[in-house]
**Q** 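Could you have a look at this structure, given as structure tokens, before my questions?
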Amino acid sequence: QVQLVESGGGLVQAGGSLRLSCAASGIIYSINTMGWFRQAPGKQRELVASITSGNSTNYADFVKGRFTVSRDNAKNTVYLQMDSLKPEDTAVYYCNTNVRITRGVDYYYWGQGTQVTVSS
């Protein structure tokens, strides 16, 4: 099976930066789209950013221009560089990866989540 391990969360002041990482390991034939979601207390989980195997990116409007998603295919890792952080960015951030585990079989996997807290 596939495991996603997230790291890089923490506590920062408004205007600061954090870099999240999500590394996939296990039985992997190839990785398709990788992305980041976030969920604040009492709120619905929402898409933050995603990146395809062809490096096409997609960003939520509320992070566009501040966050950058990238991937390192050799390391099976996706990153989220977060700059100009705002208090409203406070949430648990989850990595989500679409993985081809064998020929013609794709599944989505979730990371364990990492807390990002931005103080004012």
**Q** Write down the atom of Ile51, the atom of Ser70, and the distance for their closest heavy-atom approach.
**A**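 The answer is CD1-CA, 3.9 Å.
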**Q** What are the two closest non-hydrogen atoms of Tyr109 and Val2, and how far apart are they?
**A**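 Reported closest heavy-atom pair: CD2-O, 3.6 Å.
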**Q** Following the transitive rule for hydrophobic clusters with a side-chain heavy-atom cut-off under 4.5 Å over Ile, Leu, Val, Met, Phe, Trp and Tyr, establish whether Val92 and Val12 coincide in one cluster.
**A**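 No; Val12 is not reachable from Val92 via cluster members.
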**Q** If a pair satisfies salt bridge (Lys or Arg N to Asp or Glu O under 4.0 Å) and one of its residues is in residues 53-75, list it, with sequence neighbours excluded.
**A**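 Passing the test, one end in residues 53-75: Arg66-Asp89.
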**Q** Closest approach of Ser53 and Ile31, non-hydrogen atoms and distance?
**A**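 Closest pair (atom of Ser53, atom of Ile31, distance): CB-O, 3.8 Å.
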**Q** Looking at CD of Glu6 and OG1 of Thr77, how far apart are the two atoms once the value is rounded to the nearest 0.5 Å?
**A**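 Spacing of CD (Glu6) from OG1 (Thr77) equals 12.0 Å.
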**Q** What distance separates Asn96 CG from Arg45 CZ, expressed to the nearest 0.5 Å?
**A**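 Answer rounded to 0.5 Å: 8.5 Å.
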**Q** How about Thr97 and Tyr108: do any of their side-chain heavy atoms sit closer than 4.5 Å?
**A**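 Thr97 does not reach Tyr108 side chain to side chain.
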**Q** Using every non-hydrogen atom in the two residues, find where Met82 and Leu20 come nearest and quote the distance to one decimal.
**A**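 Where Met82 meets Leu20 most closely, the heavy atoms are CE-CG, 3.7 Å.
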**Q** For a side chain to side chain donor-acceptor pair (under 3.5 Å) check, start with the C-alpha distance between Asn98 and Thr33, then their side-chain angles and the critical distance, and finish with the verdict.
**A** CA-CA 5 Å; Asn98 179 232; Thr33 301; 5.5 Å; no
**Q** Once rounded to the nearest 0.5 Å, what's the spacing between atom CZ of Arg38 and atom CZ of Phe62?
**A**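 CZ of Phe62 is found 4.0 Å from CZ of Arg38.
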**Q** So which pairs with a foot in residues 91-120 pass disulfide (SG to SG under 2.5 Å), sequence neighbours left out?
**A**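 Only Cys22-Cys95 qualify under disulfide (SG to SG under 2.5 Å).
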**Q** Identify the heavy atoms of Gln112 and Leu4 that sit nearest to each other, and give their distance.
**A**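 Looking at all heavy atoms of both residues, the closest pair is OE1-O, 3.4 Å.
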**Q** Considering only heavy atoms from C-beta outward, does the side chain of Phe67 approach that of Asp83 to under 4.5 Å?
**A**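 Phe67 vs Asp83: side chains apart.
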**Q** Is any side-chain heavy atom of Tyr107 closer than 4.5 Å to one of Ile101?
**A**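 Yes, their side chains come closer than 4.5 Å.
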**Q** Do Tyr79 and Arg19 have side chains that get closer than 4.5 Å, going by heavy atoms?
**A**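 Of all side-chain heavy-atom pairs linking Arg19 with Tyr79, at least one is under 4.5 Å.
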**Q** Rounded to the nearest 0.5 Å, what separates atom CD1 in Ile28 from atom OG1 in Thr102?
**A**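 OG1 of Thr102 is found 12.5 Å from CD1 of Ile28.
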**Q** Please report the interatomic distance CG(Leu47) to CG(Asn58), rounded to the nearest 0.5 Å.
**A**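 Spacing of CG (Leu47) from CG (Asn58) equals 6.0 Å.
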**Q** Side chains of Glu88 and Thr90: do they bring a donor and an acceptor to under 3.5 Å?
**A**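 Short answer, no.
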**Q** Any side-chain heavy atom of Val99 sitting closer than 4.5 Å to one from Asn32?
**A**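 Result no, sub-4.5 Å side-chain heavy-atom pair not found.
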**Q** With the side chain counted from C-beta on, respond yes when Thr68 and Tyr59 share a heavy-atom pair under 4.5 Å apart, and no when they do not.
**A**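 With C-beta onward as the side chain, the pair touches.
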**Q** Taking ring pair (Phe, Tyr, Trp, His ring centres under 6.0 Å) as the test, write out the residues that go with Phe37, two or more places apart.
**A**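 Per chain and number, Phe37 pairs via ring pair (Phe, Tyr, Trp, His ring centres under 6.0 Å) with Trp110.
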**Q** Return the minimal non-hydrogen interatomic distance between Gly111 and Tyr94, and the atom names on each side.
**A**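 Smallest heavy-atom distance, with atoms named: O-CD2, 3.7 Å.
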